[in-house]
There are 2 protein chains.
Amino acid sequence: MDRTPPPPDARVAGVEPAALGLRERKKLRTQKDLQAAALRLFAEHGFDHVSTDDIAAAAEVSKTTFYRYFDSKEDVLLGDKAEALCHMRDALAGRPDTEPPFEALRGAVKEVVGHFALDREASGLRQRLMRETPSAMARNLERQREWETLVADFVRPRLAPGANRDLLARVYAANTMATMRATIEHWLDSDGADVSELLDEALAAFAVSDDRRPAPAPA
Amino acid sequence: MDRTPPPPDARVAGVEPAALGLRERKKLRTQKDLQAAALRLFAEHGFDHVSTDDIAAAAEVSKTTFYRYFDSKEDVLLGDKAEALCHMRDALAGRPDTEPPFEALRGAVKEVVGHFALDREASGLRQRLMRETPSAMARNLERQREWETLVADFVRPRLAPGANRDLLARVYAANTMATMRATIEHWLDSDGADVSELLDEALAAFAVSDDRRPAPAPA
DNA sequence: GGGTATTCTGGCACTCAGTAACATTTCAGT
DNA sequence: ACTGAAATGTTACTGAGTGCCAGAATACCC
């Protein structure tokens, strides 16, 4: 519930290894070990034929420690989505208030997906395991729903005030995340396509033009 | 895994009670009892302060029987979504092949939401409990994702063939379900609004015009 | 009516996810 | 080296979900 986020500063594993104290380096390493062990075991035996004890044993720690780094067995499969969330938040926050919100959102989503496509191998394995594992898929969807509230909070003040402002903000946020997710799933089933191009197509086909947007809210 | 669906014919509880055998009637009753007991206990003590043993005891059956009727503790909270799924499938299947797919989908969604708003009391309680219960929300999102594949399969053959046909079908399906879900959530937070009107607004604001749709696929 | 096959149920034992409490080790700063 | 803090390990526990098997209830047939 009030667990301290495993890496107090969510950061890419492996940067500035010497700048951190021994303690932090060890923590980073055990987290990485747990993740690697889990992914390997999942790929080898399947998600639900691997217990958290197995993962902990493979990473040479105790089950307790595993749960100190990950909230659930599913979370270790989802990976560094928290980091991606920060990226998106930053990307949104960096946009000027006057920019059309829909355009800003499209840019932020493309950025996140691009970051997603960097380690294509690991991402693909994760997604493949996820769609074979209902509980992991469910957990992933729940996370994406949290993103929606972030996006909705970004869009809402940029829409014209009115009775349906909140509705439109929610719906637009939900649609944006849905587009992103569906595009990624399609990408996994198609071989060798470029995610960014697919995302462009999807966004272009279903994007709401900023022209149709209500006038920006008065500051 | 290969559990027989609790009511072999998913049907509204309480129709034709005399036409069924004693066995079927009893099964229907225990299922209803379990659901009622669960909802009552959840509302009273909160979802995760109620164990499956408690629910079973309240319905005067064993825990084993509970799991013969519901796949999980979350499913009993979600309710008769399987029935709603059938409704939507029927609504889609009833549309002529020549009808613009986007229009047909909008109609089907509105129908489902309308059915959703009938027993507003129960639906509201369910949704309220759900958003307080991450695991139930996750399970619900997973179900909605299953709907997406249904919708995508409906839309796909009605789009012009091409490299991105599957992509567009997936994305449109995901957006449709997302719009529906976001609208319902907004409806729960707003007091007294009409769900159907909200849905109309949402669909109108973000709908893809059928004019922009590629030419219908040759039969 | 009775007898039999089928189906539903209950009870028991079990695996495993996740949590809590407490003791032990390990690192950081002096 | 010494001390406080942080990370880890050990143990024990709750509760979800499953499998197995015996017994009860129902349907079916005569």
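Keep in mind that the numbers below use all heavy atoms, side chains included, and drop hydrogens, waters and symmetry copies. Residue numbers start from 1 in every chain, and the chains themselves are labelled A, B, ... in the order their sequence lines are given, proteins ahead of strands.
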Give B:Thr65 one of three labels, base, sugar-phosphate or nothing, depending on what nucleic acid heavy atoms sit under 4.0 Å from its own. sugar-phosphate
Within the 4.0 Å heavy-atom criterion, would you say B:Lys26 contacts the bases, only the backbone, or no part of the nucleic acid? sugar-phosphate
Let's see if you can work this out: which of [options] has an atom nearest to the side-chain heavy atoms of [X]?
X: A:Lys73; options: C:dG18, D:dA25, D:dG9; value: C:dG18
X: B:Tyr67; options: D:dG17, D:dA7, C:dA21; value: D:dG17
X: B:Ser62; options: D:dG17, C:dT9, C:dG10; value: C:dG10
X: B:Arg68; options: C:dG18, C:dC27, C:dT9; value: C:dT9
X: B:Lys63; options: D:dA6, D:dG17, C:dC8; value: D:dG17
X: B:Thr64; options: C:dG11, D:dA7, C:dA21; value: C:dG11
X: A:Ser51; options: C:dG10, D:dA7, C:dC16; value: C:dC16

In whole angstrom, give the distance that lies between atom CG of A:Asp53 and atom C1' of C:dC14. 15 Å
Both conditions, 6.0 Å and 45 degrees, for the charged tip of B:Arg158 above the ring of B:Phe154: are they met here? yes
Does a side-chain N-to-carboxylate-O contact under 4.0 Å join A:Arg139 and A:Glu142? yes
